[in-house]
Amino acid sequence: MEKILIFIKHHIYFLWKMIEGVNAIVFFMIYKSKLDKVLTTVFDKNSLQPFYYRKLTLSDADSLHNLIKMQNPSDLEYFHPHDFDIVSIRKQLKNCSFLMMGTFDKEKIIGYFFLRFFINRQCFVGRLIDKEYRGKGIGTVMNDILYKTAWSMNFRCLSTISRDNIAVMRAHAKNPAYKVIKELNNNYMLVEFVIEDMKSTKKH
């Protein structure tokens, strides 16, 4: 299923948009209320002073657009969950099945991370941290928020990662939740982030 969705996303644009539209409607009807409750708890329990983390709204569209524009092209080579023009960002912010979150230093957005939910109880994660704020532990808190939100919703937490993306491969080398599920085309792999006791159960 994952390979099919990835192929459609990259090769059959109109069909991908139809899938996203239907997925968003069904997700809203079934999961939106639970997600709002989960986020309240997860944000309360995961923080890193002096930064704070929250769900993004339409009023954050320009700030997110500027954050992405400020990054080096090499930092976006493997990070492209959606188009980055302002119109596309505003459209994504209206999609309730695509949870967009931000990290802030006072009023300045310094990080962007997301969960793309699918109604088959799987979700995909991604994150981007401003080049001036890396190495401060911000990504660790982002991961905690992403994983715990997915797990609390009883969704599998997945990502597609390129083996050529040295920085991400190095970061996940010490990630206790990280597990390779399968190899994909073009040197990509599908990974899942699982709770430690789930890993132990799967080994037996």
For Phe113 and Thr103, what are the C-alpha separation, side-chain angles and deciding distance, and is it a side chain to side chain contact (heavy atoms under 4.5 Å, CB included)? CA-CA 8 Å; Phe113 56 122; Thr103 306; 3.7 Å; yes
Side-chain contact, heavy-atom cut-off 4.5 Å: [X] with [Y]?
| X | Y | value |
| --- | --- | --- |
| Ile161 | Tyr178 | yes |
| Tyr78 | Asp164 | yes |
| Leu93 | Thr57 | no |

Determine whether the aromatic ring centres of residues [Y] and [X] are separated by less than 6.0 angstrom.
| X | Y | result |
| --- | --- | --- |
| Phe193 | His172 | yes |
| Phe114 | Phe98 | yes |
| Phe27 | Phe118 | no |

Quick one: do Asp60 and Arg90 satisfy salt bridge (charged side-chain N to carboxylate O under 4.0 Å, His left out)? Show the steps, please. CA-CA 9 Å; Asp60 297 305; Arg90 286 173 179 157; over 6 Å; no
Could you please spell out the steps behind the side chain to side chain contact (heavy atoms under 4.5 Å, CB included) verdict for Phe104 and Phe51? CA-CA 6 Å; Phe104 291 81; Phe51 313 114; over 6 Å; no
Begin with the C-alpha distance, continue with both residues' side-chain angles, and end with the deciding distance and a verdict on salt bridge (charged side-chain N to carboxylate O under 4.0 Å, His left out) for Glu183 and Arg163. CA-CA 10 Å; Glu183 299 294 329; Arg163 291 188 180 276; 2.5 Å; yes
Stepwise side chain to side chain contact (heavy atoms under 4.5 Å, CB included) test for Met153 and Lys34: CA-CA 7 Å; Met153 294 286 291; Lys34 182 176 182 179; 3.8 Å; yes
From [X] atom [atom1] to [Y] atom [atom2], the distance as rounded to the nearest 0.5 Å:
| X | Y | atom1 | atom2 | result |
| --- | --- | --- | --- | --- |
| Lys148 | Thr41 | NZ | OG1 | 11.5 Å |
| Ile30 | Leu35 | CD1 | CG | 13.5 Å |
| Ile181 | Ser159 | CD1 | OG | 11.5 Å |
| Asn46 | Tyr147 | CG | OH | 12.5 Å |

Step-by-step ring pair (Phe, Tyr, Trp, His ring centres under 6.0 Å) determination, Phe117 to Phe155: CA-CA 8 Å; Phe117 290 97; Phe155 275 64; 5.1 Å; yes
Could you pull out all residues at least two apart from Tyr188 that satisfy side-chain hydrogen bond (donor to acceptor under 3.5 Å, both in side chains)? none
Backbone N/O of [Y] and side chain of [X]: donor-acceptor pair under 3.5 Å:
| X | Y | result |
| --- | --- | --- |
| Asn72 | Ser74 | no |
| Thr40 | Asp36 | yes |
| Trp151 | Leu146 | no |
| Arg156 | Val194 | no |
| Asp130 | Gln71 | no |
| Asp85 | Ser88 | yes |

Where at least one partner belongs to residues 131-142, residue pairs that pass salt bridge (charged side-chain N to carboxylate O under 4.0 Å, His left out), sequence neighbours excluded: Asp75-Arg134
Flag for Asn143-Arg127: side-chain donor and acceptor within less than 3.5 Å: yes
Steps toward side chain to side chain contact (heavy atoms under 4.5 Å, CB included) verdict (Glu20, Arg116): CA-CA 10 Å; Glu20 278 201 315; Arg116 185 194 295 270; 2.4 Å; yes
Of all the heavy-atom pairs spanning Met142 and Leu128, show the shortest one and how long it is. CE-O, 3.9 Å
Other residues, nucleotides and ligands only: do more than 12 of their heavy atoms fall within 6.0 Å of CZ on Phe28? no
